[in-house]
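Lettering follows sequence order; numbering is per chain, from 1.
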Amino acid sequence: MAQLTYREAVARGITQEMERDPTVLLIGEDVGAAGGAFKATVGLLERFGPARVRDTPIAEQAIIGAAMGAAMTGLRPIAEIMFSDFFAVCWDLVANQIAKTRYMTNGQVTLPLVIRSGNGGGSRFGAQHSQSVESWAMAIPGLKVVAPSTPTDVVGLLAAAVRDPDPVLFFEQKSLYATKGEVPDGEVVDELGTAKVVRQGSDATIVALAAMVPRAVAAASELAGEGIEATVIDLRSLVPLDVSTVAASVAATGHLFTVEENPRLCGWGAELTSVVADECFYDLDGPIVRVTTPHVPLPAADALEDLALPSPSLIADTVRRRIG
Amino acid sequence: MADVAVRQELAGGSLPARDILTLLAPSGVRREDPALECDLDAGAAARLWEAMVIGRRLDRAAVALTRQGELGVYASSAGQEACQVGPVLALDAEDWMFPTYRETVAVVTRGVDPVEALALYRGSAHCGFDPRAARIAPSATPIATQALHAVGFAMAAARTGSSVAALAFLGDGATSEGDAHEALNFAGVFRAPCVFFVQNNGWAISVPIEHQAGNVVLAARGAAYGIPALRIDGNDVLATYAATRAALARARSGGGPTLIEAVTYRMEAHTTADDPSRYREAAVLDAWRQRDPLARMERYLRDAGVLDDARVASVTAEADERAARLRRALQDAAPLDPLRLFDHVYSAPTPLLERQRAQLADELSRMEP
């Protein structure tokens with residue numbers, strides 16, 4: 001076991017895959033010499049050289065378009081979009097091209113590529129550099145969508161994403177980059193589309209993603225002191241969506257809460273809520289409740305941003321008032 | 001001042017001549033130009049003419065099939081046959097091309113069955129051919145995105161040490177997109193073995209070139225990216241072939257990308273859904289008919305003694321037969337399996353897709369008598 005930060009886990013995961021498979025390469029702005037805007041790719045240029053770790057001009061369309069072209073040759077590019085907000089700059093390539101190529105070619109052209117991106121708020125970067133955009137990606141058929149919350153999951157899910165035959169959007173939560181965790185030695189490979197139960201409890205099910213997972217766990221600890229035992233599920237993957245793990249927990253607890261960093265409308269929790277309402281209605285002992293960021297652009301001011309994002313106390317209070 | 005003159009010529013609908021490289025005059029007289037060498041003699045060049053004859057016949061059939069309801073819509077290549085046949089026949093077998101929706105003649109010239117080439121327009125498939133077998137990327141309908149794919153493909157090919165080059169087709173309209181800038185800049189920075197072949201046909205649907213670009217000499221942009229560029233007569237198939245051949249050779253030898261601007265004219269509507277009489281004078285077409293790419297090539301080949309009435313008749317008959325086969329194949333096509341709707345969204349269906357597929361199958365089974 002090694003104690004790694006979330007950002008070190010990114011480099012560890014990329015290293016593991018680039019060493020295993022010579023067709024894997026990394027392309028993006030400042031990913032090489034600078035070691036990444038968030039220092040998540042430190043050491044990769046020195047280790048693998050400029051042919052496999054390529055710094056590019058500031059050109060998101062070209063990064064994504066070139067990654068697509070490279071994937072057509074059989075390479076497995078990992079492209080980086082520095083801030084996930086910048087998907088808005090190159091969404092044509094992502095949504096109209098990469099997501100649909102397998103479908104539009106009847107399976108003849110496949111694009112085994114990964115697009116990594118720094119996602120989410122909490123870092124005082126303001127409205128254009130803080131968004132949680134995983135719900136944008138979830139809305140496009142053909143994309144797989146992953147957002148890990150721990151260093152081990154970063155390594156394992158990144159490996160799974162690189163090895164997957166479909167294009168995967170891999171969201172690294174910026175506010176988690178400095179967090180630490182134990183990562184097993186040797187090769188770590190996980191499975192896409194699998195949620196993880198991180199805490200067991202019989203009174204409520206709290207489903208969270210990425211930076212909201214530690215907050216949900218903190219809320220559950222607070223509730224435990226009051227005699228309310230909550231299960232916390234780290235969803236980890238939005239497409240494919242592991243409905244069965246959530247449904248099994250709801251069958252046991254009768255209460256579902258989602259904790260989402262995204263703004264309110266059409267967040268991933270809305271889809272999960274609709275599926276659970278459809279499939280688990282008679283297991284429910286109360287309404288499904290979503291805890292989300294309000295439907296506002298994220299403010300730059302620290303006090304305001306902290307108020308906007310779901311906090312452990314808001315999560316705990318929401319659960320307490322509904323089932324207490 | 002030269003630019004102003006060219007702009008005025010284009011704005012007036014007359015024919016731009018300045019600084020355009022030509023190997024075959026509209027009269028069919030062969031010229032030499034030290035900036036553009038063509039290694040084909042008249043005998044070898046005859047296959048360029050044949051491909052244009054077949055391409056034009058199939059293009060005309062596609063327009064007719066759209067009117068008959070067999071195709072949903074079609075973007076004709078009429079008048080641009082030299083721009084599509086020349087570059088494609090300049091490719092080596094291993095090279096890849098990245099076409100747009102107006103390159104049906106190019107796709108067919110590469111060897112794809114016309115039925116497969118037109119599947120996008122029929123709506124029976126987004127891409128009717130196997131891109132890997134044909135070494136043609138699926139035709140791009142968003143504008144200019146294919147230039148980016150071609151650059152990435154070329155960079156990747158170069159990385160593996162292969163001599164494969166990429167040929168990206170663009171229209172003049174595509175050069176207004178940010179994608180075109182990023183593609184040219186990337187290619188210039190990384191010396192990608194990629195050829196950008198811009199068919200400047202004068203129109204982005206209804207917007208004429210002088211309203212698309214402050215400098216209508218699109219080849220001038222090459223200098224800004226550190227990319228060699230040349231401006232050629234797009235209705236001269238010897239020029240389109242020779243320019244592409246030279247650019248591909250440069251790409252293969254590590255010399256990086258080339259930008260080719262081929263000046264041509266869109267003789268038909270933008271697509272069969274468009275009515276150009278609303279925005280352009282039909283009289284302009286008469287001037288461009290005098291520069292027809294097929295007529296000048298036929299004149300040249302006849303004068304060179306490699307073409308006679310019998311060969312013209314036999315190539316025309318073959319083109320007619322291919323058009324007839326296309327018609328029959330489309331008219332006899334079997335209906336599609338509705339459950340195909342769910343195929344190939346992912347490498348394996350997600351649980352959600354499986355449920356939705358089962359739901360549709362159930363609905364269909366109850367609808368059937």
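Rounding to the nearest 0.5 Å places CZ of A:Arg102 at 15.5 Å from NE2 of B:His126. B:His149 NE2 to A:Thr101 OG1: the interatomic distance, rounded to the nearest 0.5 Å, is 7.0 Å. Once rounded to the nearest 0.5 Å, the distance linking CG of B:Asp179 with CG of A:Leu93 reads 6.0 Å.
Taking both residues in full, the closest heavy atoms of A:Gln97 and B:Pro142 are given as NE2-CG, 2.9 Å, listed atom of the first, atom of the second, then distance. Residues A:Ile27 and B:Phe186 come closest through the heavy atom pair CD1-CE2, 4.3 Å. Between A:Leu75 and B:Arg159, the closest heavy-atom pair is CD2-NH1, 3.5 Å. B:Leu148 and A:Ala62 get closest at one heavy-atom pair: CD2-CA, 3.4 Å.
With a 4.5 angstrom heavy-atom cutoff, B:Val189 touches chain A only via side-chain atoms. Proximity to chain A is absent for every atom of B:Leu184, based on heavy atoms less than 4.5 angstrom apart. Heavy-atom distances place no part of A:Lys100 under 4.5 Å from chain B, backbone and side chain included. Of the two parts of A:Val239, only the side chain, counted from C-beta on, holds a non-hydrogen atom closer than 4.5 Å to a non-hydrogen atom of chain B. Looking at B:Asp130, the atoms closer than 4.5 Å to chain A (heavy atoms on both sides) sit in the backbone and in the side chain alike. For B:Phe129, the part lying under 4.5 angstrom from a heavy atom of chain A is the backbone only. Neither the backbone nor the side chain of B:Arg135 comes within contact range of chain A; no heavy atom of the residue lies under 4.5 Å from a heavy atom of that chain. Looking at B:Ala137, both its backbone and its side chain come within 4.5 Å of chain A, counting heavy atoms on both sides. Only the backbone of A:Pro22 comes within less than 4.5 Å of a heavy atom of chain B; no side-chain atom from C-beta onward does. With a threshold of 4.5 angstrom between heavy atoms, A:Ile63 approaches chain B through its backbone and through its side chain. For A:Ile98, no part sits under 4.5 Å from any heavy atom of chain B, backbone or side chain. In this structure, the portions of A:Gln61 lying under 4.5 Å from any heavy atom of chain B include both its backbone and its side chain.
Counting heavy-atom pairs under 4.5 Å between each of A:Ser244, A:Gly142, A:Pro165, A:Pro240 and chain B puts A:Gly142 at the top. Interface remark: of the candidates B:Thr350, B:Asp343, B:Val151, B:Asp343 forms the most heavy-atom pairs closer than 4.5 Å to chain A. Most heavy-atom pairs under 4.5 Å with chain A: of the set B:Leu353, B:Thr160, B:Leu352, B:Thr145, this distinction falls to B:Thr145.
Using a distance-only test at 3.5 Å, with no hydrogens or angles considered, a donor-acceptor pair links the side chain of B:His344 to the main chain of A:Asn106. B:Arg132 places a side-chain N or O within donor-acceptor distance of the main-chain N or O of A:Met72, the cut-off being under 3.5 Å. With hydrogens and angles ignored, the 3.5 Å screen pairs no side-chain donor or acceptor of A:Gln108 with any backbone N or O of B:Pro131. Within the 3.5 Å criterion, the main-chain N or O of A:Pro167 finds no donor-acceptor partner in the side chain of B:Tyr346.
Contacts between residues 47-60 of chain A and chain B, counted as heavy-atom pairs separated by less than 4.5 Å, involve A:Ala51, A:Arg52, A:Arg54, A:Asp55, A:Thr56, A:Pro57, A:Ala59, A:Glu60.
Atom CD of B:Gln356 has more than 12 heavy atoms from other residues, nucleotides or ligands within 6.0 Å.
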